[in-house]
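Quick caveat: nothing in here was measured; it's all calculated off a predicted structure. The figures here come from the full heavy-atom set of this structure, side chains too, leaving out hydrogens, waters and symmetry mates.
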Amino acid sequence: MKKLLSIICALLITVLSAPTAGAVDAPIYITEPTHRQLDGVFIDDGLIPLLAYDGRLGQLVFNPARGNRSWFIDPQLIEEVTAMTSDYTVVGGQKGVGGVVAKNWLNQLTAITRGERINAMPYGNPSGYWISKLAPTAKSFYLQYGAKRLT
C-alpha cells in the first residue's frame with residue numbers, strides 16, 4: 001500500500017511540475033483602405049458589410065483570436081467608422097445607412113480591447129516601402145501622428 005501511494009505521489013508531482021505551454025501571441029490588424037474623399041464624403045457604403053458580424057473586420061472584433069492579443073489599429077479607419085455613427089452622405093447626395101452597424105462595431109472594439117495591448121499604425125496605413133523610400137526620416141513622425149489620432 002505504501003509503495004502504491006508513493007508511486008501515485010511521484011506521478012502526481014511529475015505531472016504537476018511539468019512546464020505548461022505558454023499562451024500564443026496573436027497579432028490582430030484592424031485596417032482598411034479609405035472609403036472617403038478628402039472632403040469627408042463617403043465614396044460608397046462598402047464598409048457596412050465589412051463591419052457586420054460576419055464581415056472581415058467584424059470577425060476580428062466579434063470573434064477575435066484567443067491568446068495574448070496585440071491590436072494594431074489604423075486610426076484612419078476608426079475615424080471613418082466614427083463618422084458613420086452620425087448622419088453621413090455618400091457621393092451623389094444619398095444618405096448613409098451604416099450608423100447602427102458602425103456603432104455596434106465600435107462598441108465591441110472598445111469592449112474587447114479593454115486592458116489589452118493596442119498599437120497605433122501610421123495614419124492611413126501607408127506602405128512601409130514608400131515611407132522608407134520617400135520619407136525615411138519621417139517614419140517616427142508617422143507613428144507618433146497615428147498614435148495621437150488613435151487616442
Side-chain angles (χ1 to χ4, degrees), residues 12-151:
L12 188 60
I13 290 171
T14 304
V15 169
L16 292 177
S17 65
T20 58
V24 177
D25 191 28
I28 300 173
Y29 295 91
I30 306 286
T31 185
E32 173 70 15
T34 188
H35 288 260
R36 287 197 300 183
Q37 297 176 350
L38 290 175
D39 60 358
V41 176
F42 280 81
I43 298 168
D44 57 17
D45 263 339
L47 271 177
I48 296 172
L50 295 172
L51 297 174
Y53 180 81
D54 57 348
R56 183 180 59 81
L57 296 171
Q59 283 295 303
L60 293 174
V61 298
F62 290 108
N63 297 316
R66 300 206 183 270
N68 294 330
R69 295 182 289 241
S70 294
W71 297 84
F72 295 90
I73 301 176
D74 181 1
Q76 172 263 328
L77 175 64
I78 301 301
E79 287 182 3
E80 280 191 11
V81 176
T82 303
M84 288 175 66
T85 61
S86 59
D87 292 335
Y88 69 96
T89 57
V90 180
V91 170
Q94 300 172 342
K95 186 175 179 179
V97 294
V100 174
V101 174
K103 285 178 188 174
N104 291 340
W105 188 84
L106 281 174
N107 289 337
Q108 180 63 22
L109 178 67
T110 303
I112 200 74
T113 58
R114 187 171 292 125
E116 295 197 0
R117 190 176 343 161
I118 298 174
N119 302 295
M121 299 173 79
Y123 191 85
N125 191 23
S127 168
Y129 172 80
W130 291 112
I131 289 176
S132 64
K133 292 293 181 187
L134 297 176
T137 58
K139 185 175 182 177
S140 64
F141 168 75
Y142 290 128
L143 291 172
Q144 290 173 354
Y145 183 71
K148 180 180 176 184
R149 294 298 292 253
L150 186 60
T151 55

Legend entry - Inter-residue atom distance Gln59.CD - Tyr53.OH, 0.5 Å rounding: 6.0 Å
Inset, instruction - Taking the side chain as every heavy atom from C-beta outward, state whether Asn125 and Leu77 have any pair of such atoms under 4.5 Å apart. - result: no
Legend entry - Point-to-point distance, once rounded to the nearest 0.5 Å, from CD1 of Ile112 to CG of Asn107: 13.0 Å
Inset, instruction - Find the distance between NZ (Lys148) and CZ (Phe141) and round it off to the nearest 0.5 Å. - result: 8.5 Å
Legend entry - Distance-minimising heavy-atom pair for Val90 and Gly96: CG2-CA, 4.1 Å
Inset, instruction - Using the side chain to side chain donor-acceptor pair (under 3.5 Å) rule, take Tyr29 and Asp74 through it: C-alpha gap first, then chi angles, then the decisive distance, then the call. - result: CA-CA 8 Å; Tyr29 295 91; Asp74 181 1; over 6 Å; no
Let me have the donor-acceptor pairs involving side chains of residues 113-122, under 3.5 Å, with sequence neighbours excluded, atom names and distances please.
unit_1	atom_1	unit_2	atom_2	d
Thr113	OG1	Leu109	O	2.7
Glu116	OE1	Arg69	NE	3.0
Glu116	OE1	Trp71	NE1	2.6
Glu116	OE2	Arg69	NE	3.2
Glu116	OE2	Arg69	NH2	2.6

Inset, instruction - Would you give the length of the straight line joining atom CD1 of Ile78 to atom CH2 of Trp105, rounded to the nearest 0.5 angstrom? - result: 4.0 Å
Inset, instruction - For Ile43 and Gln37, work out which heavy atoms get closest and say how close. - result: CG1-CG, 4.0 Å
Inset, instruction - Taking the side chain as every heavy atom from C-beta outward, state whether Met84 and Ile48 have any atom pair closer than 4.5 Å. - result: yes
Legend entry - Residue pairs passing the salt bridge (Lys or Arg N to Asp or Glu O under 4.0 Å) test where at least one lies in residues 40-55, sequence neighbours excluded: none
Legend entry - Val101 versus Ala52, closest heavy-atom pair with distance: CG1-N, 3.9 Å
Inset, instruction - Report the distance from atom CZ of Phe62 to atom CG of Leu57, rounding to the nearest 0.5 Å. - result: 10.5 Å
Legend entry - Option among Arg56, Glu80, Gln76 that satisfies the side-chain contact (heavy atoms from CB on, under 4.5 Å) test with Glu32: Arg56
Legend entry - Leu60 CG to Leu51 CG distance, which is reported to the nearest 0.5 Å: 10.5 Å
Inset, instruction - Quick one: closest heavy-atom pair of Tyr88 and Gly98, and the distance? - result: OH-N, 2.9 Å
